[in-house]
Amino acid sequence: MGVRVRFCPSPTGYLHVGGVRTALYNWLFARHHGGVAVLRIEDTDTSRETVGAIEQIQRSLDWVGLDFDESPARGGPHGPYLQSERADVYREVAESLVVDGLAYRCYQSPEELTVAREAARQTDDPAAPTRAHRELSAAAVAAFETQGRQPVIRLKTPLEGATEVADLVRGDVSWENRLLGDHVLLRADGGATYQLANVLDDLHHGITHVIRGDDLLPSTPRQVLLAEALGRAYPVTAHLPQILGPDRKRLSKRHGAASVEEFRDAGYLPEAVVNYLALVGWSYDSTTEIMSVDELVERFTLDRVSPSPGVFDHVKLAWMNGVHLRSLEPGDYGRRLTGYLVERGSPLATRDLGAAVPLVQEKIATLGEFEDFAGFLFRPVVYDPAAWRALAEMPAAASLLDAASAALASLAVLDTTSVDGALRGVCEAAGLKPRVALLPLRVAITGSKVSPGLFESVALLGREESITRLHAARVRLS
RNA sequence: GCCCCCAUCGGCUAGUGGCCUAGGCCCCCGCCCUUUCAAGGCGGUAACACGGGUUCGAAUCCCGUUGGGGGUACCA
């Protein structure tokens, strides 16, 4: 059978970059091997569920282009892909494990358990409290039942030996079984825990490789043992290193882990996000960094995944986004830009941006910078305070503005080349270097000290509008 | 407390015993180009956590220490 992997988020909120990275590695692995990628929603804990989370996760995945072959939305031959629809199966399996003597009912109240745990903490058998009801007499069971206690079902974890896992990223890892404790499979309310549902679904979905964050590494032996109790083999695992925040703490929603949608909204390209994320925890060789999705699919292998955690670097992502943006063919760039502005509800969305593309493509790192950077081409100038101050403080500003107006007015043909010549002439006549003399003109035309090329901008704005702006600045000056 | 994982420049990483006077990219700092800013080009600062082994030889293997992270739930 071919490779089958799954990405199984719980619907507790948006998908942050760490989640996307996990989804990406699963997807790349599946595509690389011509296998199948499954999206499964782990919603066994309804109390933690967030409204709309499933849709939001799907939307994020769609945006980055990770098309899972089987999912709640698409269906598939191994459905359902929503754990809430398999509740009966989980319960039946748990019951049958009890019948087979591999699991048992435990009547301890959460409070009793907490107290016992605290007491056992310092002993050499801290897991003992979980086994308190492992060998209950019939009389004791009857007594608890009479009290109306609702039992949970726990797995009988072996008391001796060790459970070993040959992880594709970590190598061999092993745990002493006696320290594992008897974990809960079925809650008192009859609902399955993650430990039960996750394993049953992986088996049900025919998963061959479990690729997930290494925060789940400690739960692996329990899952292996459960699979064994069911007479099945647990899939091969690959535990990915954590993505850390700038504080070197695990990236979590609690301390501002970015949702992928934030990157979309800020004007990042999905292929840049994918490219960057692929490189946090994986590398192709010592020099290759910029890669298309197809190249990633072709090159991705788990043996090149690093075991050590990495810090998410927004600055490098922005740089990489700029690289991808610059490599776009101008027509495509224009379409993406328009698409982005439409999405954002920008008033510029309806304008013809085509001519502005060459002026901005080399400059901005995210589409989100477009309005600030090139907005002056499409609407009245807004002077940046600092820029205006620089203009105002320049003694020659007034005469330069006048000279520039005159020079543009006298041009037979107004294009980038002729504007270049005319304005350089103005600088020369004033006896100033272009970099100095062009400043007030730039501020008058663009409103900023930072802008696309001045000559190109003037050519694009046209003679009338350019002269109007020069005049306006001149008037405002006096 | 106990269990597990991790450990190369500020960040992402290459490196699987000799090719390493440790390479690439981002950031930072110079210089060049130049109509500002970017982009681009050139150059630079900067790392094998520490201590023991193993070996002719260790960033690479082993042990310990330290540091960081995760787990220890009727969350996932």
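Since the model is a prediction, treat every value here as computed from it, not as a measurement. The chains referred to below are lettered A, B, ... by the order of the sequence lines, with proteins before strands, and numbering in each begins at 1.
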*Taking atom P in both A49(B) and A59(B), what distance in whole Å separates the two?*
10 Å

_Side chains of Trp282(A) and Arg299(A) in contact at under 4.5 Å (non-hydrogen atoms)_ = yes

*At under 4.0 Å between heavy atoms, what does Thr123(A) touch on the DNA or RNA strands: base, sugar-phosphate, or nothing?*
nothing

*Parallel, tilted or perpendicular: which describes the rings of Phe144(A) and Tyr107(A), with under 30° parallel and over 60° perpendicular?*
parallel

*Establish, with yes or no, whether the OP1 or OP2 oxygen of G71(B) is under 4.0 angstrom from a side-chain nitrogen or oxygen of Arg222(A).*
no

*Could you let me know what U16(B) is paired to, Watson-Crick or G-U wobble, both distances under 3.5 Å, or none if it's on its own?*
none

_Protein-nucleotide distance (Ile445(A), atom CD1; C37(B), atom P), rounded to Å_ = 19 Å

_Interatomic distance where CD belongs to Gln223(A) and P belongs to A73(B) [whole Å]_ = 15 Å

*Is there a side-chain polar atom (N or O) of Ser286(A) under 4.0 Å from OP1 or OP2 of G15(B)?*
no

*Residues from residues 105-118 of chain A sitting under 4.0 Å of RNA chain B, heavy atoms only?*
Gln108(A), Pro110(A), Leu113(A), Arg117(A)

*Roughly, in whole Å, what's the span from CZ in Arg91(A) to P in C74(B)?*
18 Å

*Please state the C1' separation for the pair A22(B) and U60(B) - nearest whole angstrom.*
11 Å

_P gap between A47(B) and U8(B), integer Å_ = 14 Å

_Nearest-nucleotide pick for Glu289(A), side chain only, options being G24(B), C74(B), C2(B)_ = G24(B)

*Has the side chain of Lys316(A) got a donor or acceptor atom sitting under 3.5 Å from an opposite partner on the base of C25(B)?*
yes

*Under 3.5 Å donor-acceptor, Thr237(A) side chain and Val210(A) backbone*: no

*Which part of the nucleic acid, if any, lies within contact of Val152(A), taking any heavy atom under 4.0 Å across all strands shown: a base, the sugar-phosphate backbone alone, or nothing?*
base

*Decide whether Tyr333(A) and Gln361(A) meet the rule of one side-chain donor and one side-chain acceptor closer than 3.5 Å.*
no

_Euclidean distance, atom CG of residue Asn198(A) to atom P of G71(B) [Å, nearest integer]_ = 16 Å

_Pi-cation contact, Tyr25(A) with Arg21(A) (under 6.0 Å, within 45°)_ = yes

_Under a 3.5 Å threshold, yes or no: a donor from one side chain and an acceptor from the other, between Ser308(A) and Ser306(A)?_
yes

*What is the distance from CG of Leu186(A) to P of C75(B), rounded to the nearest Å?*
11 Å

*Watson-Crick or G-U wobble partner for C75(B), using a 3.5 Å limit on both distances?*
none

*Strand partner of A47(B), provided both Watson-Crick or wobble distances fall under 3.5 Å*: none

_Starting the side chain at C-beta, find the nucleotide from G24(B), A76(B), U13(B) nearest to Thr287(A)._
G24(B)

*asked:* Quick check for you: among A76(B), C74(B), U13(B), whose closest atom lies nearest to any side-chain atom of Leu216(A)?
replied: A76(B)

*Counting any heavy atom closer than 4.0 Å, what does Pro221(A) reach on the DNA or RNA strands: base, sugar-phosphate only, or nothing?*
nothing

*Remember a base hit wins even if backbone is also touched, and classify Gly322(A) as base, sugar-phosphate or nothing at under 4.0 Å, heavy atoms.*
nothing

*Contact class for Ser451(A) vs. all strands (heavy atom < 4.0 Å): base, sugar-phosphate, or nothing?*
base

*For Trp388(A), which residues count as a ring-ring contact (aromatic ring centres under 6.0 Å, His included) partner, sequence neighbours excluded?*
Tyr383(A)

_Taking U66(B) as the reference, what is the distance to G52(B) when you measure between their C1' atoms (whole Å, please)?_
14 Å

*Below 4.0 angstrom from OP1 or OP2 of A73(B), is there any side-chain N or O of Thr193(A)?*
no

*What distance, rounded to whole Å, do you find between the two P atoms, one in A38(B) and one in G51(B)?*
43 Å

*Give a yes/no answer on whether the side chain of Arg187(A) brings an N or O atom under 4.0 Å of OP1 or OP2 in C75(B).*
yes

*Carefully, step by step, assess Asp125(A) and Arg131(A) under the rule salt bridge (charged side-chain N to carboxylate O under 4.0 Å, His left out).*
CA-CA 11 Å; Asp125(A) 191 7; Arg131(A) 293 189 289 260; 2.8 Å; yes

*State which residues pass ring-ring contact (aromatic ring centres under 6.0 Å, His included) with His205(A); sequence neighbours excluded, sorted by chain then number.*
Tyr81(A)

*For residues Tyr340(A) and Phe370(A), establish whether the separation of their ring centroids is below 6.0 Å.*
no

*Determine whether the side chains of Arg442(A) and Ser451(A) contain a donor N or O and an acceptor N or O closer than 3.5 Å.*
yes

*Is Arg442(A) side chain donor-acceptor paired with the U35(B) base, going by distance under 3.5 Å alone?*
yes

*Residue Val315(A), side-chain heavy atoms: nucleotide from C75(B), C27(B), G11(B) that is nearest*: C27(B)

*Over how many whole Å does the gap from Asp189(A) atom CG to A73(B) atom P extend?*
18 Å

_If we count only N and O atoms by modelled type, under 3.5 Å, do the side chains of Tyr194(A) and Gln83(A) hold a donor and an acceptor together?_
no

_Atom pair OG1/CG of Thr416(A) and Leu460(A) - distance to nearest 0.5 Å_ = 8.0 Å

_Give me the distance, rounded to whole Å, that separates C12(B) from G70(B) when you measure between the P atoms they each carry._
16 Å

*Mapping Gly310(A) and Tyr194(A) to their closest nucleotides on RNA chain B, which lands nearer the 5' end?*
Gly310(A)

_Partner residues of His209(A) under the ring-ring contact (aromatic ring centres under 6.0 Å, His included) criterion, sequence neighbours left out_ = Phe29(A)

*asked:* Given U35(B), C26(B), A76(B), identify the nucleotide with an atom nearest to the side chain of Asp313(A).
replied: C26(B)

_Closest-nucleotide 5' rank along RNA chain B - winner of Pro241(A) and Ile364(A)_ = Pro241(A)

_Just checking Lys156(A): does its NZ atom have more than 12 heavy atoms from other residues, nucleotides or ligands closer to it than 6.0 angstrom?_
yes

*Rounded to whole angstroms, how far apart are CD on Glu456(A) and C1' on C37(B)?*
13 Å

*asked:* Is it true that Asn198(A) and Glu42(A) share a donor-acceptor pair across their side chains at a distance under 3.5 Å?
replied: yes

*asked:* When the P atoms of C20(B) and C4(B) are compared, how many Å lie between them, rounded to an integer?
replied: 38 Å

*In the structure shown, which nucleotide is the Watson-Crick or G-U wobble counterpart of G40(B), with both distances under 3.5 Å?*
C32(B)

*With the sugar-phosphate defined as primed atoms, P, OP1 and OP2, and the base as all remaining atoms, what B/S/- string results for nucleotides 39-51 of chain B, 5' to 3', for protein heavy atoms under 4.0 Å?*
SS-----------

N/O-N/O pairs, protein side and nucleotides 4-9 of chain B side, under 3.5 Å:
from: C5(B); atom 1: O2'; to: Arg170(A); atom 2: NH1; distance (Å): 2.5

*Specify the separation, in whole Å, of atom CE of Met320(A) and atom C1' of C27(B).*
14 Å

*Quote, to the nearest angstrom, the P distance that separates G18(B) from C27(B).*
33 Å

*Quick one: is Arg304(A) getting a side-chain N or O under 4.0 Å of the U16(B) phosphate, OP1 or OP2?*
no

